[in-house]
Structures are given as C-alpha cells and as structure tokens.
Amino acid sequence: DLTLYLLLDTSRSLAFGSPLSKLDVAKRVAAALGYVGLTGSERVSVVPFSSTLSPPLPPGRGSRRVGGMLRYLDALEANGTTDLSRAVDQFLARSPRPGLVAVISDLLDPSGYERAIDRLAGEKHEPAIFHVLDQDELDPQPGGDLVLVDSERGARVDVTLDARAVRAYRARVVAFLEGAAAYAKKRGFSY
C-alpha cells in the first residue's frame, strides 16, 4: 500500500531542449512512473513545483486514473524559478502520508538540492532522484562568442565558447553529475 508522489520540476529551465524539452522528458518519466503505480494499484499524486508548489493532482489509485493523470501532465507548462527547498517545505506542510517521492528535476537550483531531499527522508519519505538534462547541456559544441541568458533569472553572461571553454565546462558538468550520484549513493537514495 504505497503512495507515489511525483515531485515534478516545472521551472523555466525545463523549457530548454530540442526536439524535446527537458519538461517533455520529465513529463514522460512521470507518466511512466505514474502508469506503473496506478496499474499496480498504488496511490499516485503529481506535485508540480517551481518556486512554489502548483495545485497537485491528488492521490488516486487504479488504472482508470491513468487518462486523467496523462491529461494533467500534458497541461503542465514551464514557468517560474527553481526553489526545491521551498517546494519541499510546502509539500511537507500538507502532512502527506509517507511514501516514495520521485524528484524529477534538472537539479539546477542555486540554493542546492541536498537539504530539500534530506528533509524528505527525515520525514520518513523515500526519495528517488530522476535527473533530467538535455544533450546540449551535457556536451555543448564550440560556437564562438555568445551571450548566455539564464532562463529563470534573466542574468546575462558574455562567453567565448572555444575548445578550452568547452573542456572546462564539460569538467564542471561531470563534477556536478558525479556529485549528485555520490550524494544519492551516500544517503541510500535511488539516482
């Protein structure tokens, strides 16, 4: 008798990506997990967040709920900034029964993701992290002089994306991914 909470990042950074955005991929992950939960007679709730929680899809059970869950997911759009800690605090304030919390996010939160996920575990939830990134974020190609704009905060940075800058960027991405995997392994969370 499990409750599966799909804590789905819908911040503006998830609008990035082509041909599918990160949000499209995150919705597909949520749909697959939700489908497995609902057809396995588990309670499933979708809890979208950016800087705050959006109105969730309340927990439901049974395969007849799959269509409603898919329509709900399809209607979600990317907006707002990422604040996982605030979203988790709001989620926990609702006193949800302990369950499996699938955090589906790019984890690009300036304040970090660790405290928020630790809070879930501290309240007897079982976190599982689904890290969604676009191929261009993982492996950008050299492209000369560019102006990068933060999709959530609007900050602008002038960069020269030459081979040296790309190597440095890739090293930081690898460190970020390895850090997330090491964090999850140390805490015993699925990643």
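Here the structure is a predicted model, which means the values were calculated and not measured.
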- prompt: Is it true that Y72 and L23 fall in one hydrophobic cluster, defined by side-chain heavy atoms closer than 4.5 Å?
  reply: no
- prompt: Are L20 and L73 connected, step by step, through hydrophobic side chains (Ile, Leu, Val, Met, Phe, Trp, Tyr) whose heavy atoms are closer than 4.5 Å?
  reply: yes
task: Specify the closest pair of heavy atoms between S11 and A78, including all atoms of both residues, with the distance to one decimal.
output: O-CB, 3.5 Å
query: Please, which pairs that meet salt bridge (Lys or Arg N to Asp or Glu O under 4.0 Å) have at least one residue in residues 105-116, sequence neighbours excluded?
result: K22-D106, D89-R115
Other residues, nucleotides, ligands: >12 heavy atoms within 6.0 Å of E77 CD: no
statement: Heavy-atom closest pair (L92 atom, E123 atom, distance to 0.1 Å) is CD1-CG, 3.7 Å
message: Treating E178 as the side-chain partner and A175 as the backbone partner, does any N or O pair qualify as donor plus acceptor under 3.5 Å?
response: no
- prompt: In this structure, are over 12 heavy atoms from other groups packed under 6.0 Å from R153 atom CZ?
  reply: yes
- prompt: Under the ring pair (Phe, Tyr, Trp, His ring centres under 6.0 Å) rule, what pairs show up with a residue in residues 76-116, not counting sequence neighbours?
  reply: Y5-F91, F91-H125, Y113-Y183
message: Return the OG1 to CZ distance between T3 and R97, rounded to the nearest 0.5 Å.
response: 4.0 Å
task: Spell out, as yes or no, whether a donor-acceptor pair under 3.5 Å connects the side chain of K124 to the backbone of P98.
output: no
message: Count I, L, V, M, F, W, Y as connected when their side-chain heavy atoms are under 4.5 Å apart, and connections chain through other members. Are L57 and V47 then in the same cluster?
response: no
- prompt: Would D139 and E137 satisfy side-chain contact (heavy atoms from CB on, under 4.5 Å), going step by step from the backbone distance to the final call?
  reply: CA-CA 6 Å; D139 189 25; E137 292 174 309; over 6 Å; no
- line: dist L8:CG -> S105:OG (nearest 0.5 Å) comes out at 9.0 Å
Could you list the donor-acceptor pairs under 3.5 angstrom formed between side-chain atoms of residues 160-167 and any protein atom two or more places apart in sequence or on another chain?
residue	atom	partner	partner atom	Å
T160	OG1	D145	OD1	2.7
D162	OD1	R164	N	3.4
D162	OD1	A165	N	2.9

task: Take I104 and V132 through the test side-chain contact (heavy atoms from CB on, under 4.5 Å) and record every step on the way to the result.
output: CA-CA 7 Å; I104 307 168; V132 180; 3.9 Å; yes
message: Evaluate R156 against L148 for side-chain contact (heavy atoms from CB on, under 4.5 Å), listing each step before the verdict.
response: CA-CA 6 Å; R156 302 169 72 86; L148 301 180; over 6 Å; no
query: Is a side-chain donor or acceptor of R61 paired with a backbone partner of S41 at a separation under 3.5 angstrom?
result: yes
message: Using 0.5 Å steps for rounding, measure from the CZ atom of F130 to the CG atom of L107.
response: 12.0 Å
- request: Could you grab the distance from atom CD1 of I117 to atom CG of L7, nearest 0.5 Å is fine?
  value: 9.0 Å
Residue pair L84 / F49, side-chain heavy-atom distance below 4.5 Å: yes
- prompt: Does any donor atom in the side chain of S51 or D83 lie under 3.5 Å from an acceptor atom in the other side chain?
  reply: no
query: If you look only at pairs with a residue in residues 29-50, which of them pass as a salt bridge (Lys or Arg N to Asp or Glu O under 4.0 Å), with sequence neighbours excluded?
result: D1-R43
field: Heavy-atom pair of closest approach, residues L6 and A30
entry: CD1-O, 3.4 Å
- prompt: Can you tell me if D24 uses its side chain to pair, donor with acceptor, with the backbone of S21 under 3.5 Å?
  reply: yes
task: Using the test side chain to side chain contact (heavy atoms under 4.5 Å, CB included), find all partners of L100 that sit at least two apart in sequence or belong to another chain.
output: L2, L4, E126, A128
- request: Might you work through the side-chain contact (heavy atoms from CB on, under 4.5 Å) test for L38 and S63, ending with a clear yes or no?
  value: CA-CA 5 Å; L38 289 171; S63 58; 5.7 Å; no
- prompt: OG1 of T82 to CZ of R12: how many Å apart, nearest 0.5 Å?
  reply: 9.0 Å
query: Looking at residues at least two apart in the chain, or sitting in another chain, which of them share a ring pair (Phe, Tyr, Trp, His ring centres under 6.0 Å) with Y35?
result: none
query: For the hydrophobic clusters of this structure (ILVMFWY residues joined by side-chain heavy atoms under 4.5 Å, transitively), does one cluster hold both V25 and F16?
result: no
- prompt: Out of curiosity, D118 CG to F189 CZ, how far, rounded to the nearest 0.5 Å?
  reply: 5.5 Å
Nearest heavy atoms of A184 and I129, plus distance in Å: CB-CD1, 4.2 Å
query: So, do H131 and Y191 sit near enough that their side-chain heavy atoms are less than 4.5 Å apart?
result: yes
- prompt: Any link between L146 and V157 through a network of hydrophobic side chains (Ile, Leu, Val, Met, Phe, Trp, Tyr) touching at under 4.5 Å?
  reply: yes
field: Over all atoms of both residues, closest heavy-atom pair of P56 and P48
entry: CA-CD, 4.1 Å
message: For G34 versus M69, what's the shortest heavy-atom pair and its separation?
response: CA-SD, 3.6 Å
